[in-house]
Amino acid sequence: ELADIAIEYNYQQKLSEQVSSFSFGIRPQTNDSSALYILVIGEAVRYDHLGINGYERNTTPLLSNQKNLVSYDSVFAQANLTSRSVPLILTRATAEDIDVAYKEKSISGAFKEAGYLSGYITKQLPLSIETRIMNSSDYAFSYSKAIDVDGNYDEDMVGKLSEYVADTLQYFTLHMLGNHFRYEQRYPADFEVFTPVMGKSFSYASISEANKDKLVNAYDNCVLYLDHFMNELISYVDGLNRSVVVVYVSDHGESLWDDERKLSLHGSYDVAKYEYHVPMLVWYSDEYASENPQKVSNIKANTSKPISSDVVFYSMLDMAGIKEVVDSTKSISSEYLQPIDSLWVLDGEGAKNHVSVRNFYAKNTIKPSTDFSLPESRIEVSNPSKNFSSTSSLPKSDNFSSSGFSNYKANNFSTSKNYDYSSHSNGDLFPREKEPAYKGNFHSLVSSVAASFQESTSTNEISKMAIQR
């Protein structure tokens, strides 16, 4: 065991050395601009609970009236846990090639090469990659409070940002607590508009469908507070009278007992639409629009194209005119942005799944229930143990049974791993290794464990630690 630890330590040291010496080859910008670019990473916010996106509740009254604000329709996260999704937003890594996050510098490093001062402000306990970024930033601040602390509100970051903003080229990342459970602790009392809610003192063992209405009310209050936070941020930077772009994207979404699988929170072992379809918002100042009319036109024109959160890295740099590493097919400010018809995502187990975007919209779940009528004859089925996808043409049928699909997979896809297709009689579209004894998601597992104990300090402490990510 000591030998294994030593090997891992040496490997991490080599990666650290590799990152420190890595360069994107970006030339410093020579203009005298004082442009400001801000990336806001949200937490556990799903696309369909924003009023601006058509939700029946008006959870975004301020953003709905915000000038120069654009909302994207079809953005999909690459993972459903913060620890996996955030590195894929901040770097060129993807769900298909996650190691890039630990071999290359982040978007902050790219901006620094271009001559920008960079900053990182987080309301969450920093991930290892965030600590690495913060250590190399010009400004960095972590509130470093446990996730179950009252009064730890996201709007504090606007005040902290104002301490760092200067009249020069700058880039900032703000990482929110957002809608992370416990929802009631994410917003001040003034934002408890949708009631009743569970209250701040209930235990994780109370996460159940029986309390769904109360939990959804609290969740929507979090979105209402997000609306306030973003409005405060935009109002502040708009008052700077300079070229500014603010991009908001949630790290992943949230399940709220939406279908027959009864999934809750995030980190599900099944690939559920609600945990991957996320909101992305772009706001730009009048000054930016005046200096970059074509980019603004493209930003508006691209709102309905299906895209992955991997566009964030390239889009932020492209909007800033940093061209050396930009893939224009992955930039929302480019006329060449390419819509995707499928993407790789990581589930709660960390397994890779190749997902058809069409299936995201075919039903509320990606994995159809028994006798689900396939909307198209082509379904993408991929082996998460290999870095390639197999797309096969299935016979058209108005009622292609789930058992038939399981047999089709078993007969047409081979693997060196021990995959069990027979257990997925519900028509699992994605082969995986045999399921663990507990099925559901990581956060459901925590609440299940908590429920098996009497209410105690030790149980709550275990829950707090586990549910942090």
Side-chain angles (χ1 to χ4, degrees), residues 37-55 59-60 62-80 85-86 88-90 94-95 107 173-174 176 178-179 223 226-227 229-231 233-234 244-254 273-285 288-289 292 294-320 326-343 345 355-358 360-361:
Y37 296 89
I38 300 173
L39 170 61
V40 182
I41 301 177
E43 167 69 52
V45 181
R46 48 192 277 173
Y47 170 87
D48 63 352
H49 275 244
L50 272 67
I52 198 172
N53 293 334
Y55 186 43
T59 54
T60 55
L62 300 175
L63 292 179
S64 295
N65 292 308
Q66 187 63 250
K67 178 184 176 184
N68 297 349
L69 184 77
V70 178
S71 178
Y72 279 70
D73 299 339
S74 306
V75 180
F76 300 100
Q78 298 179 81
N80 62 354
S85 62
V86 168
L88 304 184
I89 293 173
L90 294 174
T94 64
I107 188 172
T173 301
L174 308 184
M176 302 177 66
N179 280 44
V223 179
L226 166 64
D227 177 67
F229 166 79
M230 287 299 295
N231 190 71
L233 174 61
I234 290 170
V244 185
V245 175
V246 178
V247 174
Y248 167 90
V249 66
S250 185
D251 61 350
H252 53 73
E254 193 86 323
K273 165 186 173 181
Y274 315 98
E275 296 177 33
Y276 294 89
H277 189 194
V278 295
M280 188 169 82
L281 308 171
V282 178
W283 178 88
Y284 52 87
S285 66
Y288 181 85
N292 302 277
Q294 186 57 55
K295 290 187 183 297
V296 168
S297 177
N298 294 335
I299 289 169
K300 293 178 179 179
N302 287 327
T303 55
S304 294
K305 291 181 179 179
I307 51 178
S308 163
S309 58
D310 69 352
V311 304
V312 172
F313 180 95
Y314 303 100
S315 298
M316 296 295 297
L317 294 171
D318 189 31
M319 286 186 284
V326 169
D327 179 349
S328 60
T329 67
K330 292 186 177 183
S331 170
I332 61 173
S333 61
S334 168
E335 61 184 308
Y336 303 110
L337 174 69
Q338 291 297 305
I340 59 173
D341 56 15
S342 64
L343 71 155
V345 298
V355 181
S356 166
V357 171
R358 184 181 295 115
F360 266 119
Y361 292 111

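- Of all the heavy atoms in G253 and V278, the pair that sits closest is N-CG1, 3.7 Å.
- A salt bridge between D318 and K295 is present, with a side-chain N of the basic residue lying under 4.0 Å from a carboxylate O of the acidic one.
- Side-chain N or O atoms of T329 include none that pairs as donor or acceptor with a backbone N or O of Q338 at under 3.5 Å.
- With values rounded to the nearest 0.5 angstrom, L281 atom CG is found 5.0 Å from S71 atom OG.
- Here the side chain of D251 pairs no donor or acceptor atom with the backbone of V86 at under 3.5 angstrom.
- One finds the CG atom of L174 at 6.0 Å from the CG atom of L233 (value rounded to the nearest 0.5 Å).
- Taking the six-membered ring for Trp, H277 and F76 have ring centres closer than 6.0 Å.
- If you take CG on L50 and CG on L226, they are separated by 6.0 Å, rounding to the nearest 0.5 Å.
- Judged by distance alone, with hydrogens and angles left aside, the side-chain atoms of S315 form a donor-acceptor pair with the main-chain N or O of I332 at under 3.5 Å.
- Under a 3.5 Å cut-off, the side chain of S342 and the backbone N or O of S356 do not form any donor-acceptor pair.
- Proximity of a side-chain donor or acceptor of K300 to a complementary backbone N or O of V70 within less than 3.5 Å is not detected.
- Between the side chain of Q78 and the main chain of A95, a donor-acceptor pair closer than 3.5 Å is present.
- To the nearest 0.5 Å, atoms OH (Y248) and CD1 (I38) are separated by 15.0 Å.
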With side chain to side chain donor-acceptor pair (under 3.5 Å) as the test, would you mind laying out the steps for T303 and D73 before giving the verdict?
CA-CA 6 Å; T303 55; D73 299 339; 4.9 Å; no

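- V247 has its side chain within reach of M319: a pair of non-hydrogen atoms, C-beta onward, lies under 4.5 Å apart.
- A donor-acceptor pair is defined here as one N or O able to donate and one able to accept, closer than 3.5 Å; no such pair exists between the side chain of N231 and the backbone of L63.
- Atom NZ of K330 sits about 5.0 Å away from atom OH of Y314, to the nearest 0.5 Å.
- Side-chain contact between V40 and V246: present, with at least one pair of heavy atoms (C-beta onward) separated by less than 4.5 Å.
- Here the OH atom belonging to Y72 is positioned 6.5 Å from the CD1 atom belonging to I307, to the nearest 0.5 angstrom.
- Panel note: side chain N292, backbone Y288; a donor-acceptor pair is recorded below 3.5 Å.
- Salt-bridge check for R358 with D341: failed, with every basic side-chain N at 4.0 Å or more from each acidic carboxylate O.
- You'll find the side chain of S331 stays beyond 4.5 Å of the side chain of L337, heavy atoms only.
- The shortest heavy-atom contact between S308 and I340 is N-CD1, 3.7 Å.
- Looking at E275, its side chain never comes within 3.5 Å of a backbone N or O of K273 through a donor-acceptor pair.
- When atom types are taken as modelled, the side chain of T59 and the backbone of H49 share a donor-acceptor pair closer than 3.5 angstrom.
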